[in-house]
Amino acid sequence: VTALKAAREKKNDTTDLTRDTDVLVVGTGIAGMLAAISAADNGAQVLAIDKMPSTGGTSITAGGYFIAADSQQPNDSNIDDSIDSLMTYWHNIMDEGSDTGYPNYDKVRSILGDSGKTVDYMASFGVPFGSIINPFGGTPVAAVEGGGSGMISALEKAARDKGVEFLLECKAEELITEGSGAVTGVKATTPTENMTINAKSVVLATGGFSKNPEMVKSYSPEIEQVVPLAAVSSTGDGIRMAEAVGAARFENYWSSLSGVTISMDYAKAVPEASGLTTAQQLGVNGNGERFACEAGKHHTALTYDLIKDGNYPYFFIFDSSNEELIAPMEAGIELGEVFKGDTIEQLSGAINVDASTLETTYDRYNELAKSGSDDDFGKEADKLIALEKGPFYAVKFYPTTFGTMGGVQTNVDTANVLREDGTGIANLYAAGEMSNRDFYNQHYVLAASLSFYSTMGMRAGAAAAENAK
């Protein structure tokens, strides 16, 4: 009764308010920030809203790394930073995926081909980039000093200096359309107001939906048990609103995969557990079977293998040969993240798998290690190490994701949101994780998100400003 009374009083306290602007940007991560700045630079009056109490979204937690093809920034890496070299690398990674038709290499080339220009554009108004480096192999990368937080701080300052107005704790609820289907604004709410925001152009940059369990289950059930690293605001608001006005969404969703890690709670409680890695261990699934190369060919390979195998939970077996790891593993037992057995048979009981299956898997792994050749999964010999000294520990590891791959379909040049028939929805644009499926084929490349999303945002903002004239 008290809760209902409070809800009624809150509703009665809200007021109706109408605002008008040239360009409305919904979301203030990297895509939204670049859309707002680009629109302002192209002469538009810009209002940017975000449902959170501060700007940045998931971007604020990013490392601040941008792929930068053919940038004007100093190149101290000796890496070939041409778009042709970058596309060769992209093929090498993405051709391992199993989705037919992905990625759209023409779209990837178009956007990554401008990635250096986008970095140079941001540098021109104060985003503090360093020289081009090669931290991940295969990609020319420009890093922002201060990471994601420094990046968002610099972008927000630039946006405000250019006249962009920010309205925080303002949640977009639905798009407003006229009879022809053209978008004319947004219905939004704040803690005290029900807002109608009329806009000549609307740019949706609200991110993905990895923190919305219902959408994950509906659109991408393969990643239900994957741990999302995205911000709590990543609940698919923009995708839902765009679909409601006829936007075509990608049917084949996936995830922007990150690495395999111990649980966040374990890592926080026992910082020394960060020394637990998978590369030199034996990895088994919930059936006690080895399922992949534990070292992984690249950053997301093992995550991909876990998801494709799908037999949760996943354990990586350690012996007691590294004394420095014993204390953090012992601490993990109380947290339910580590299991112990004096023998492999005892360990099988601790993790609830068939003893004969786990023993067979263990014996085969040690046989391969002693031979120096992993004939089953191709792990490099220097990482193929026999596990022989008891007691043995099984540590739970989890696949993680930066976000989702999917969203609504857009035009590559202007980021105009498309209908199923390929025609554009008038006055509506989308950028960032709102529309990223075309870039990947079940694998992710480090530093890619900020690069794609910033360039998409810049294009969306320029197009939205031109449309508003």
Side-chain angles (χ1 to χ4, degrees), residues 18-52 54-57 59-60 66 111 114-129 144 148-170 172 175 183-186 188 195 197-207 238 410-411 413-417 426-435 450-469:
T18 299
R19 293 284 304 272
D20 298 301
T21 189
D22 289 339
V23 174
L24 172 65
V25 178
V26 185
T28 62
I30 183 65
M33 285 292 191
L34 264 293
I37 291 169
S38 178
D41 274 348
N42 282 275
Q45 177 193 29
V46 183
L47 173 64
I49 67 173
D50 199 300
K51 68 181 180 182
M52 302 303 289
S54 58
T55 60
S59 299
I60 204 166
F66 289 74
I111 296 177
D114 278 351
S115 60
K117 294 178 182 177
T118 303
V119 166
D120 296 339
Y121 176 58
M122 288 187 284
S124 73
F125 51 72
V127 178
F129 284 100
V144 179
S149 177
M151 172 187 71
I152 291 297
S153 177
L155 289 172
E156 182 175 347
K157 180 181 184 303
R160 291 186 184 277
D161 288 346
K162 294 172 183 291
V164 175
E165 179 185 356
F166 288 87
L167 186 58
L168 303 178
E169 292 187 280
C170 180
L175 293 165
V183 170
T184 60
V186 162
M195 299 188 67
I197 306 176
N198 299 314
K200 298 173 183 176
S201 300
V202 174
V203 180
L204 296 176
T206 60
T410 54
N411 175 287
D413 295 320
T414 65
N416 184 206
V417 177
N427 311 330
L428 183 62
Y429 306 83
E433 202 174 332
M434 277 282 310
S435 180
L450 295 182
S451 311
F452 281 121
Y453 303 166
S454 56
T455 299
M456 290 172 67
M458 189 166 68
R459 290 183 181 185
E466 181 64 28
N467 180 71
K469 291 178 180 177

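All values below come from the heavy atoms of this structure, side chains included, with hydrogens, waters and symmetry mates left out.
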Would a 4.5 Å heavy-atom cut-off, applied to side chains only, mark [X] and [Y] as touching?
X	Y	value
I49	M195	no
Y121	S454	no
D161	F125	no

Atom [atom1] of [X] and atom [atom2] of [Y]: how far apart are they, to the nearest 0.5 Å?
X	Y	atom1	atom2	result
K469	S201	NZ	OG	11.0 Å
F66	M151	CZ	CE	5.0 Å
M33	T28	CE	OG1	5.0 Å
F129	D120	CZ	CG	8.5 Å

Exercise. Is the NZ atom of K162 crowded by more than 12 outside heavy atoms at less than 6.0 Å?
Worked result: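 More than 12 heavy atoms, drawn from other residues, nucleotides or ligands, come within 6.0 Å of this atom.
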Problem set entry | Side-chain donor-acceptor pair present, D114, T455, cut-off under 3.5 Å | no
Problem set entry | Non-hydrogen atoms of I197 and A188 that approach each other most closely | CD1-CB, 4.3 Å
Problem set entry | Closest non-hydrogen atom pair, S59 against I30 | OG-N, 3.0 Å
For this session: Please identify each residue that fulfils side chain to side chain donor-acceptor pair (under 3.5 Å) with E169, with sequence neighbours left out.
Result: none
